[in-house]
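First the structure, in the form of C-alpha cells, and then the observations on it.
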Amino acid sequence: MSILNISAYRFVSLDDLPALRERMLAQCHAQALKGTILLAPEGINLFLAGPREAVDTFMNWLREDSRFAGMKAKESLSDEVPFKRMRVRLKKEIITLRHPTIRPEGGRAPAIAAATLKRWLDQGCDDEGRDIVLLDTRNAYETDVGLFPQAVDYRIASFTELPSAVAGDHARYAEKTIVSYCTGGIRCEKFALYMQDIGMERVFQLEGGVLKYFEETGGAHWRGDCFVFDERGAVDKALSPAESAVGPAKAGAQRLEESNKSLDPGLRRSDEPHA
C-alpha cells in the first residue's frame, strides 16, 4: 500500500486563521495532498493522504511554526487516497462540544497508555483494584462498526448530545475508574475535562485513542473494526482498510447525511471528520 493517511490535532490558540488557511491550502496543493484541515481559535485538526514523501514535506513545513512544533501524527496505509479533494475550513471549534469553558490548551485530563488499558482489561480492574468503566464518546454509527463490548455506549447521534447523557447518569461512575476513548483522542481531550468539571473523579482518557490502541496492542479486547471519516469507511486492528466493515460504516455516514437534510442549516450535525 503506497498511500500514507495521517491524522493529527493540537489545542493551541490561533488568531491568524484566514491567512493560515491560505498558507496551508497552498502547501497542500503544492504537494498534491487531499483531505481536510480544520482550523479554529482553539487549534488544528487535520486528516491528510498522499505519498509519504509529500505528507512528510507538508508536516515538516507545518512544524516550522512554533505553535505546531513537535506535533505527532497517527499513520495508516491504503492503496488509494480516501479523499476526493483538499479542504481547509475555518470553524468555531475543531471538535464541537459547545461548552466554551472546556479548554484543553489550559491543561488536559490524565491519560493512560494503550498498554495500561490492556493490562487493566486483562486483570478486570485498575492497578489499585477499582472497577473500570469504559466510556465510548463516539456516535452510534461509529460504535455499530466496532467498540469495546463492555463500554458504555449512549447511542448518540452527535458529540454535543454526550454531556447531557453522562450528567444524567452520574451514579454509574461513582467510585469507579473512568476511561473515555474515541477514534484518535481529540474528543476525549474535551470530554474528560467535562467529566472532571461536573465533579467526577479518577477520569482518564485513552492516549491516542483507538487507533493508537490498535497500533500498540493489536486491538486486544476490541470487537469489530474502527470507523474512520473517509472513504475507507473503517480500519481493522492492523490499521488496514476493513473490507468487512465498509458497508456498515458507509451506511452510518449515509444515515447522518440523510438526517442532516431534514434539519435547518444552523442545527445540522457536523459531518466533518474528527478523531
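As the structure is a prediction and not an experimental result, all values here were calculated from the model. Atom set for the values below is all heavy atoms of this structure, side chains included, hydrogens, waters and symmetry mates excluded.
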Is there a donor-acceptor pair under 3.5 Å between the side chain of Q150 and the backbone N or O of L134? no

Distance in Å, I112 CD1 paired with D126 CG, rounded so as to fall on 0.5 Å steps: 9.0 Å

Backbone of L97 reached by a side-chain donor or acceptor of T160 within 3.5 Å: no

Same apolar cluster (I L V M F W Y, side chains within < 4.5 Å links), L33/F68: yes

Taking every heavy atom of R23 against every heavy atom of D16, the minimum-distance pair comes out as NH2-OD2, 3.5 Å

Heavy-atom pair with the smallest gap, counting every atom of H221 and Y213: CD2-OH, 4.0 Å

Polar side-chain atom of R10 near backbone of R67 as donor-acceptor pair, under 3.5 Å: yes

NZ-OG1 distance between K91 and T96, expressed to the nearest 0.5 angstrom: 5.5 Å

Just by modelled atom types, is the E201 backbone N or O under 3.5 Å from a matching donor or acceptor in the Y173 side chain? no

Can you sort out the partners of A30 under side-chain contact (heavy atoms from CB on, under 4.5 Å), two or more places apart, ordered by chain and number? none

How close do A157 and E161 get, counting heavy atoms only, and between which atoms? N-OE1, 3.1 Å

Does the pair R232 and D79 meet the rule for a salt bridge (charged side-chain N to carboxylate O under 4.0 Å, His left out), with working shown? CA-CA 10 Å; R232 292 173 294 174; D79 290 322; over 6 Å; no

Applied to residues 93-124, the ring pair (Phe, Tyr, Trp, His ring centres under 6.0 Å) test, sequence neighbours excluded, yields H99-Y194, W120-F204

Step-by-step side chain to side chain contact (heavy atoms under 4.5 Å, CB included) determination, R187 to L162: CA-CA 11 Å; R187 281 175 272 195; L162 192 58; over 6 Å; no

Let me confirm one number: the CD1-CG distance from I44 to D65, rounded to the nearest 0.5 Å. 9.0 Å

Would you say the side-chain atoms of R108 pair up with the backbone N or O of E189, donor to acceptor, closer than 3.5 Å? no

Heavy-atom pair of closest approach, residues C182 and T137: CB-OG1, 3.3 Å

Mind checking what makes salt bridge (Lys or Arg N to Asp or Glu O under 4.0 Å) contact with R130, not counting sequence neighbours? E128

Set out, in order, the CA-CA distance, both residues' side-chain angles and the distance that settles salt bridge (charged side-chain N to carboxylate O under 4.0 Å, His left out) for E42 and K190, then state yes or no. CA-CA 11 Å; E42 68 178 2; K190 283 191 171 182; 3.0 Å; yes

When rounded to the nearest 0.5 Å, the distance separating OG1 of T36 from CG of D230 is 9.5 Å

Short question: side chain of H170, backbone of I198 - any donor-acceptor pair under 3.5 Å? yes

F58 vs W61 aromatic rings, parallel, tilted or perpendicular, using cut-offs 30° and 60°? tilted

Check the pair E216 / K118 against salt bridge (charged side-chain N to carboxylate O under 4.0 Å, His left out), numbers first and verdict last. CA-CA 10 Å; E216 296 188 353; K118 179 182 180 300; over 6 Å; no

Determine whether T143 and D136 satisfy the following criterion, side-chain hydrogen bond (donor to acceptor under 3.5 Å, both in side chains), listing intermediate values before the conclusion. CA-CA 8 Å; T143 62; D136 197 316; 5.6 Å; no

Please find out if less than 6.0 Å separates the ring center of F148 from that of Y181. yes

